[in-house]
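Right, one structure below, let's go through it.
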Amino acid sequence: MAPPIPKVLMVAEKPSIALSIASLLSRAQMSTRRGSTDVHEFEGRFLASPARFKVTSVIGHVFSVDFPGKYQDWSATDPLDLFQAQVIKTESNPKAHICRHLNQEARGCRYLVLWLDCDREGENICFEVINSTGFNINDTYRARFSSVTEKDVLKALDNLVRPNRDEALAVDARQEIDLKVGVAFTRFQTSYFQGKYRNLDSRVISYGPCQTPTLGFCVQRYLQINTFKPEKFWSLHPYIIQNGYEIQLEWKRGKLFDINVAMMFQNLVSEDGLLEVTEISEKQETKGRPVGLNTVNLLKVASSALGFGPHMAMQLAERLYTQGFISYPRTESTAYPTTFDFRGVLSAQTNNPTWGNYVQGLLANGYQKPRSGTDVGDHPPITPMRSAAEDMLGNDAWKLYQYICQHFIGTVSPDCKYIRRKVEFSIGGESFYCTGQQVVTKGFTAIMPWLAINDKNIPSFIKGQKIEVSKLELYEGKTSPPDYLTESELISLMEKYGIGTDASIPVHINNICERNYVQVQAGRKLVPTTLGITLVRGYQTIDPDLCLPDIRSFIEQQISLIARGQVDHRCVVQHVIQQFKQKFCYFVKKIEDMDALFEAQFSTLTDSGRLMSKCGKCLRYMKYISAQPTRLYCGTCEEVYYLPQKGTIKLYKELTCPLDNFELLICSIAGPDGKSFPLCPYCYSNPPFEGMEALINTAKTGTSGKIGKGAGMPCNLCPHPTCPNSLVSQGVCACPECSGTLVIDPISAPRWRLCCNMCNCLVFLAQGAHRISTTKERCPECESSILEVDFNKKTTPLEDGTTLHRGCILCDDLLHSLVEMKHGRSFRYRSSRGRGRGRGGRGRGRRGGRMMDPKMSFREF
DNA sequence: GCAAGGTC
């Protein structure tokens, strides 16, 4: 029997590329099935033999690096240890199950062909795929293609190479270095400064080899502005009247910074009084059409002309791309591939109401070959694909699409040509001039009118002609500081210094905004905040390298040694990590120098905040710090207690926690979906019962502080057996929507409600009742806590006009009829499911060494 | 809660 034809697995970097490659190789004769990513199958030839192809893709990196679990606890890890820590690779997107998908698709395949982007990251993803599939390197090939065109794809398949392990290892090195350096500095800074200053409004004080130099650029400009000393200058401007027009002439010397010298020239000129035309020149100038549009230039235009931040611009571009209106928006290249179908792309634009006629003209009269640009070998420049109308895209996306179209049309339009005239004059031994210009060919500026050159007419002169000075002005000016860095300028600087990539530049800018280091102001100018300025000034004081762009270039240059196979990967990582470790140690040693700057800018906890509740340790009042993250500060014990970050905090009836004697607080979240719950400030940060952390982490109350070790246990999660505020006392029944428990909201009167202690579920009870409370009794049917309701005398539903009623909200007809679910789901006793398991919870303490289930036992009704 | 890099 003939051997079965071999199967070839091909993997691309993203689903769209897999689809294109499969369509090209199969001439659209493939079958497609769904998986984690689509798989396209067809028959063809591979290595000169018949073969069956399967083309699928990853979605970017399969893995990312992290520290093992034991390093995840901030308080239990010395950041210094991170430099020596092991790093592990975990799946970047566990829900996508890409690793499993690749492994499954690889089964029964003889060969692996990797169609990843042709850069270091792509090479690294090659090995991620190899590791996920377990292919032997001898059966693994790499296709190198610079565009997804039939010609390129076929050429790549005929010229397969091997994946480049050195380039992949360079990326591994970068990942490890970035992780260790970033996380170590971030954790140290955050822990050091947070909780020390009241108005420090950032939850994380991050450091990163890209984000920090990015911030550095913004602060550098700020410091330039702040230290700028204006200087006076003077300039001489003679005026003449020629053919009835008054013209101001420019001085060849520009400006002078010494008034005496300037006045001397003024005298010379005014004594002469007669200008002589010494030179008349006319020259044709060209303003060149643009090269193809790459991501960085798109982002710059989006920020400076359209008012979209890079983050938003990329989101819009991404959507336009997935909807097929534009080509792939992440590219560095500005050169079109030789095979680019200009006519096809132009033809799609002939119906556009704004530029359709212009495009028809280009098609009829011949469009220009675009300027050469640079080809980085990634993707073609960003161009329109399908034609669109404004109502198909929405306002913002339309603006971006419009620009992309205009830019593309501009690249195949003629250059703009204009005539520049210059007339030079002499008087008293000084030279002056005036210029004018006249457009001959609008060229691409017809379609990109914001780049148009304005005509400026000057009257005609004759060489040797003498003209009287009508007025002589000695202009006094003042040098002015630069303006804040615009986002567009920042993008240029980042590109120039190699900070980030086309895809990550928006992320870094977004980061420094979100961390509250800079703010975007009108005109998309980046104004650093006090925090941003203080951080950078701190680095400048301790170790300026930390915020300079060279820190990135150093890493890049080191890992390039690996990529070129010149130095062993481990050696480089060790060397670089050692350097950063030393910098880190020095930074830690000198942190007080930075702290001095913080002290000057921010108020310490001790001198701020209003008195709130009593500390259980020293019995003195603690101060409430309302700035994020909200917390209590005990000045006597010098302790900080974090609080829920949402809602208002008040003292709760001067009640105290039976465990630690701290006064209880009540947190109320306003609004129709609001709720309130008591908490002990000490227990909230330091849950008293073992095993609570895991539970707290699953509670989606939106209120847990998530700060400090084990933060986030309010009383409604507390399993204390006798405290009247604990879950055990206040819990009523299982939440119908999650695994939590419904608890009485103690201050919800008269709109009585139960709130889930884990999710946002709300259940409204008898409205207007005087009092609703739990009792120690339990419903024999469903084990819910029996409620005691004291109805209002006027509105009581009880027949004899009495007000007191006891019952189960699920099984008691009267109470159940008064229950109303917030989101309209049914809420009733389901008798068919395993009840009576006898796990009576209330009043029960520890059993068999394990914590009592704090969700209470009536979960399974 | 932490970096930077892919992509969605």
Side-chain angles (χ1 to χ4, degrees), chain A residues 12-18 36-37 57-67 71-75 77 79 82 85 87 89 91-93 95-96 98 116-117 119-126 128-129 168 170-191 193-195 202-214 295 314-315 317-319 321-323 328-330 378-379 494 498-512 514-515 551-552 555-556 559 580 628-629 642 645 697 704-712:
Chain A
E13 190 153 326
K14 43 187 168 279
S16 60
I17 300 284
S36 292
T37 53
S57 76
V58 292
I59 312 169
H61 274 289
V62 183
F63 301 105
S64 48
V65 289
D66 203 352
F67 294 111
Y71 296 100
Q72 299 294 348
D73 183 341
W74 286 41
S75 56
T77 308
L82 295 173
V87 295
K89 290 207 172 203
E91 242 181 305
S92 295
N93 185 356
K95 282 183 195 155
I98 296 297
L116 295 148
D117 291 359
D119 53 18
R120 276 184 201 164
E121 299 296 332
E123 225 58 44
N124 187 268
I125 301 174
C126 281
E128 296 184 335
V129 174
V171 171
D172 280 346
R174 199 217 68 235
Q175 291 176 339
E176 183 171 345
I177 295 163
D178 284 344
L179 177 75
K180 289 183 168 177
V181 174
V183 174
F185 275 90
T186 299
R187 285 195 192 173
F188 170 69
Q189 292 185 157
T190 305
S191 316
F193 290 114
Q194 215 171 52
S202 185
R203 296 186 55 136
V204 167
I205 303 174
S206 55
Y207 178 87
C210 284
Q211 57 172 269
T212 305
T214 303
T295 308
M314 283 318 287
Q315 279 177 346
E318 190 73 46
R319 217 174 62 219
Y321 164 65
T322 50
Q323 292 171 344
Y328 190 63
R330 278 186 288 269
D378 51 354
H379 298 272
M494 293 176 76
I499 308 289
T501 64
D502 48 8
S504 71
I505 281 173
V507 179
H508 299 310
I509 297 180
N510 204 43
N511 261 341
I512 61 170
E514 280 195 340
R515 300 273 155 78
I551 206 124
R552 190 78 201 148
I555 296 174
E556 288 292 332
I559 64 165
F580 275 104
Q628 292 279 331
Y642 288 98
Q645 298 301 302
N697 288 338
S704 59
K706 305 265 182 210
I707 286 179
K709 191 176 178 224

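To find a chain, count down the sequence lines: A is the first, B the second, and so on, and within it residues start at 1.
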Check: Taking only N and O in the side chain of A/H508, is any of them less than 4.0 Å away from OP1 or OP2 of B/dG5?
Finding: yes

Notebook entry, point to check: Base, sugar-phosphate, or nothing: which does A/N124 touch, judged by heavy atoms less than 4.0 Å apart?
Noted result: nothing

Checklist line | Nearest-nucleotide 5' precedence on DNA chain B, A/E13 against A/V183 | finding: A/V183

Next item on the list: Please report, rounded to the nearest Å, how far the C1' atom of B/dA4 is from the CZ atom of A/F580.
Entry: 13 Å

Notebook entry, point to check: Side chain of A/L179: nearest nucleotide among B/dC8, B/dA3, B/dG5?
Noted result: B/dA3

Next item on the list: Quick one: closest heavy-atom pair of A/Q189 and A/S206, and the distance?
Entry: NE2-O, 3.6 Å

Next item on the list: Go through B/dT7, B/dC8, B/dC2 for me and flag the one nearest to the A/A503 side chain.
Entry: B/dT7

Check: If you check the A/Q211 side chain, which of B/dC2, B/dT7, B/dA3 turns out closest?
Finding: B/dA3

Notebook entry, point to check: A/N93 has an atom CG; how far is it from atom C1' of B/dG6, in whole Å?
Noted result: 12 Å

Margin query: Expressed as a whole number of angstroms, how long is the span from A/D178:CG to B/dA4:P?
Written below: 6 Å

Next item on the list: Using only side-chain N and O atoms of A/Q175, determine if any of them is under 4.0 Å from OP1 or OP2 of B/dA3.
Entry: no

Checklist line | Below 4.0 Å: OP1/OP2 of B/dA4 and any side-chain N or O of A/R120 | finding: no

Next item on the list: Could you check how far CD1 of A/I559 sits from P of B/dA3, rounded to whole Å?
Entry: 18 Å

Checklist line | Which residue lies more 5' along DNA chain B, comparing A/T186 with A/Y328 via nearest heavy atoms | finding: A/T186

Item checked: d(CZ, A/R319; C1', B/dC8) in whole Å -> 14 Å

Note to self: Please tell me if A/R515 has a side-chain N or O lying less than 4.0 Å from either OP1 or OP2 of B/dC2.
What the structure shows: yes

Next item on the list: Could you check how far CD of A/E128 sits from P of B/dG5, rounded to whole Å?
Entry: 15 Å

Check: When only distance counts, do a donor and an acceptor, one from the side chain of A/Q72 and one from the base of B/dC2, lie under 3.5 Å apart?
Finding: yes

Notebook entry, point to check: Within the structure, does a side-chain N or O atom of A/R330 lie under 4.0 Å from either OP1 or OP2 of B/dT7?
Noted result: yes

Next item on the list: State, yes or no, whether a side-chain contact exists between A/S16 and A/Y328 at a heavy-atom distance under 4.5 Å.
Entry: no

Next item on the list: Could you tell me whether A/P209 contacts a base, only the sugar-phosphate backbone, or nothing, with contacts defined as non-hydrogen atoms closer than 4.0 Å?
Entry: sugar-phosphate

Next item on the list: State whether A/Y321 places a side-chain N or O below 4.0 Å from either non-bridging phosphate oxygen (OP1 or OP2) of B/dT7.
Entry: no

Notebook entry, point to check: Heavy atoms under 4.0 Å, any strand shown: does A/Y207 hit a base, just sugar-phosphate, or nothing?
Noted result: sugar-phosphate

Margin query: At less than 4.0 Å, is any side-chain N or O atom of A/T501 found next to OP1 or OP2 of B/dG6? Yes or no.
Written below: yes

Notebook entry, point to check: Which value, rounded to the nearest 0.5 Å, describes the distance between A/I559 atom CD1 and A/E176 atom CD?
Noted result: 12.0 Å

Next item on the list: Identify whether any heavy atom of A/V65 sits under 4.0 Å from a base atom; if not, whether one sits that close to sugar-phosphate; answer base, sugar-phosphate or nothing.
Entry: base

Check: Of all residues at least two apart in sequence or in a different chain, which pass the side-chain hydrogen bond (donor to acceptor under 3.5 Å, both in side chains) check with A/E91?
Finding: none

Next item on the list: Remember a base hit wins even if backbone is also touched, and classify A/G500 as base, sugar-phosphate or nothing at under 4.0 Å, heavy atoms.
Entry: sugar-phosphate

Next item on the list: For A/D172 and B/dA3, give me the distance from atom CG to atom P, rounded to whole Å.
Entry: 20 Å

Next item on the list: Compare the minimum distances between each of B/dG6, B/dT7, B/dA3 and the side chain of A/E121, then state the nucleotide with the smallest one.
Entry: B/dG6

Checklist line | Option from A/T212, A/D178, A/T214 for which side chain to side chain contact (heavy atoms under 4.5 Å, CB included) with A/R552 holds | finding: A/D178

Checklist line | Set of side-chain hydrogen bond (donor to acceptor under 3.5 Å, both in side chains) partners for A/Q175, sequence neighbours left out | finding: none

Checklist line | A/D66 CG - B/dG1 C1' separation (whole Å) | finding: 12 Å

Check: Would one find a side-chain N or O of A/R552 under 4.0 angstrom from OP1 or OP2 of B/dG5?
Finding: yes

Check: So, does A/T37 use its side chain to make a donor-acceptor pair with the main chain of A/V58 at under 3.5 Å?
Finding: no

